Novice: 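Pasting a structure below so you can have a look.
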There are 2 protein chains.
Amino acid sequence: MQQELKSEITKQLIINKAFSLFYEHGFKTTSIDKIMKETTLSKGAFYHHYKSKKELGLEVISLKVEKRVVNGMILPLKESGNAYQILQEVFVNRLKDFSIYDKQHGCPMNNLINEIGNNEVAYQKALKNIIEQWKTALVQLIERGKVENSIKKDISSKATAMYLISSFEGIRGIRKLYDTDVVIEEYISGLSFYLQQMKV
Amino acid sequence: MQQELKSEITKQLIINKAFSLFYEHGFKTTSIDKIMKETTLSKGAFYHHYKSKKELGLEVISLKVEKRVVNGMILPLKESGNAYQILQEVFVNRLKDFSIYDKQHGCPMNNLINEIGNNEVAYQKALKNIIEQWKTALVQLIERGKVENSIKKDISSKATAMYLISSFEGIRGIRKLYDTDVVIEEYISGLSFYLQQMKV
DNA sequence: ACATAAACATACTAACTGGTATTTTTTTTA
DNA sequence: TAAAAAAAATACCAGTTAGTATGTTTATGT
């Protein structure tokens with residue numbers, strides 16, 4: 001039982017270090033050696049817990065990357081309150097709350113989508129799953145807004161959800177190229193204008 | 001003079017093959033060996049024309065990637081006609097005209113932004129330059145629309161331009177995860193709704 | 001036609017890659 | 001407490017990486 005715990009702790013250590021390195025340097029250029037040097041464990045330890053780099057990648061996506069999006073962008077949508085206001089706050093606040101590091105390094109999910117999104121079907125599915133969760137939560141919120149009469153009834157929830165997600169992920173990438181927040185401020189201004197028209 | 005031409009032809013050959021391989025497999029995982037195997041020339045030939053992979057990467061960005069965006073998204077904005085209509089057509093038609101291959105592989109620029117956009121300042125600058133050109137062209141078109149009275153005068157051109165670019169690049173990435181055009185159709189629907197509100 | 005230089009080829013290096021085989025250490029169980 | 005099993009370490013492998021050193025071939029200018 002103590003062994004089981006130890007194993008779990010080691011796996012978590014590997015996953016956490018792997019996520020950080022993938023985020024900082026990309027997936028392909030982060031080697032198992034580099035990850036294990038960070039954990040101060042050996043390569044043998046890695047291949048005892050994981051059968052391949054691919055398996056690790058999938059765990060990092062489904063545990064770390066997904067959790068980040070769920071906590072930052074999905075759960076806040078499910079809180080009670082005015083749907084329109086929640087929509088506005090979540091997108092704007094999240095963007096403003098990012099650290100400089102996170103702004104410079106973009107969205108971990110979006111980085112992976114664009115780096116390995118068309119390499120392996122398994123990665124594709126894992127990443128798509130996150131997008132679908134996000135989309136579903138947005139659609140639910142928008143539908144809620146229609147019922148409570150804070151959002152216009154004639155707009156397409158799915159289209160709006162998809163457009164919101166696209167623009168958010170897009171700006172997260174583009175911001176990486178800049179060293180100021182100007183593009184983010186412009187994005188927020190464009191977003192606000194977009195949101196306003198769906199306000200009832 | 002014949003030599004100069006030969007040199008230019010070889011460089012173009014290398015750049016073209018490099019672009020295709022970067023687009024298909026990503027920048028980091030495409031080696032000089034793979035590129036030169038495609039050209040049926042040798043590694044010696046490569047290092048005679050380029051001093052490093054980085055130098056090649058920068059040429060691919062400034063020649064091939066930039067040209068693609070200029071031809072597909074920027075030049076069409078400068079044609080005469082109703083500004084609002086041009087905006088709508090360029091974004092929607094471009095997206096619909098992509099081949100299956102291009103949909104599956106995303107936007108070459110966006111792929112690079114997310115793969116190497118925070119690695120090297122040189123890459124950052126080259127990619128940012130393309131975004132800035134695109135943004136400028138969009139701002140000009142929107143301003144033109146305001147003058148000719150096809151676009152509302154109270155909207156921010158810069159914010160709108162940035163929001164349009166963000167969402168376009170975002171959906172190009174997300175589409176890589178899917179095997180149907182559903183997300184693209186939703187995006188177009190969301191975009192149309194966004195555009196409608198700026199119509200005078 | 002001959003020296004010069006450009007274009008390209010061949011052979012190599014040292015570091016790094018994902019992964020394996022084997023051994024040692026630690027924990028569990030009977 | 002001894003055998004079994006899990007956790008981790010060590011040493012290795014074959015293939016790949018960007019880049020270099022040193023050639024050979026081809027064009028150019030005199």
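Sequence lines set the chain letters: A, B, ... in the order given, protein chains first and strands last, and positions in each chain run from 1. Note that the structure is predicted; figures quoted are calculated from it, not measured.
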Novice: Polar atom pairs between nucleotides 10-13 of chain C and protein, under 3.5 Å, N or O only, would you list them?
Specialist:
none

Novice: All N/O contacts under 3.5 Å from nucleotides 3-7 of chain C to the protein, with atom names and distances to one decimal?
Specialist:
residue, atom, partner, partner atom, Å
C:dA7, OP1, B:Ser7, OG, 3.3
C:dA7, OP2, B:His48, NE2, 2.7

Novice: Between B:Glu8 and B:Lys11, is there a side-chain N and carboxylate O pair less than 4.0 Å apart?
Specialist: no

Novice: B:Ser189 side chain to A:Ala159 main-chain N or O, any donor-acceptor pair under 3.5 Å?
Specialist: no

Novice: With sugar-phosphate meaning primed atoms plus P, OP1 and OP2, does B:Lys34 contact a base, only sugar-phosphate, or nothing at under 4.0 Å between heavy atoms?
Specialist: sugar-phosphate

Novice: Is the shortest side-chain N/O distance from A:Ser31 to OP1 or OP2 of C:dC16 below 4.0 Å?
Specialist: no

Novice: With a 3.5 Å cut-off and no angle check, do the side chains of A:Tyr101 and A:Glu24 form a donor-acceptor pair?
Specialist: yes

Novice: To the nearest Å, give me how far apart NZ (A:Lys37) and C1' (C:dC16) are.
Specialist: 11 Å

Novice: Picking from C:dG18, D:dG19, D:dA18, which would you name as closest to the side chain of A:Lys53?
Specialist: C:dG18

Novice: Would you kindly give the CE-to-P distance between B:Met36 and D:dA18, to the nearest whole Å?
Specialist: 13 Å

Novice: Between B:Glu66 and B:Gln133, does any side-chain donor sit less than 3.5 Å from a side-chain acceptor?
Specialist: yes

Novice: To the nearest Å, how far apart are B:Leu56 CG and D:dT17 P?
Specialist: 15 Å

Novice: Taking the nucleotide of DNA chain C with the closest heavy atom to each, which residue, A:Lys51 or A:Asp33, is nearer the 5' end?
Specialist: A:Asp33

Novice: Does this structure show an ion pair linking B:Glu169 with B:Arg172, if we count only N-O contacts that are shorter than 4.0 Å?
Specialist: no

Novice: Indicate yes or no for a side-chain donor-acceptor contact from B:Lys28 to the backbone of A:Glu115 under 3.5 Å, with no hydrogens or angles considered.
Specialist: no

Novice: How far apart are the closest heavy atoms of B:Leu56 and B:Phe46, and which atoms are they?
Specialist: CD2-CE1, 3.6 Å

Novice: To the nearest Å, how far apart are A:Leu41 CG and D:dA8 P?
Specialist: 6 Å

Novice: What nucleic acid atoms does A:Thr39 come within less than 4.0 Å of, heavy atoms only: base, sugar-phosphate, or nothing?
Specialist: nothing

Novice: Has A:Lys152 got a side-chain atom pairing as donor or acceptor with A:Gln197's backbone, closer than 3.5 angstrom?
Specialist: yes

Novice: How long is the line joining OH of A:Tyr50 and P of C:dT20, in whole Å?
Specialist: 17 Å

Novice: Rounded to whole angstroms, how far apart are CG on A:Leu13 and C1' on D:dA8?
Specialist: 13 Å

Novice: Figure out the CD1/C1' separation between B:Ile35 and D:dT16, and round it to whole Å.
Specialist: 14 Å

Novice: Both conditions, 6.0 Å and 45 degrees, for the charged tip of B:Arg94 above the ring of B:Phe168: are they met here?
Specialist: no

Novice: Return the value, rounded to whole Å, for the distance between atom NZ of B:Lys28 and atom C1' of D:dA18.
Specialist: 15 Å

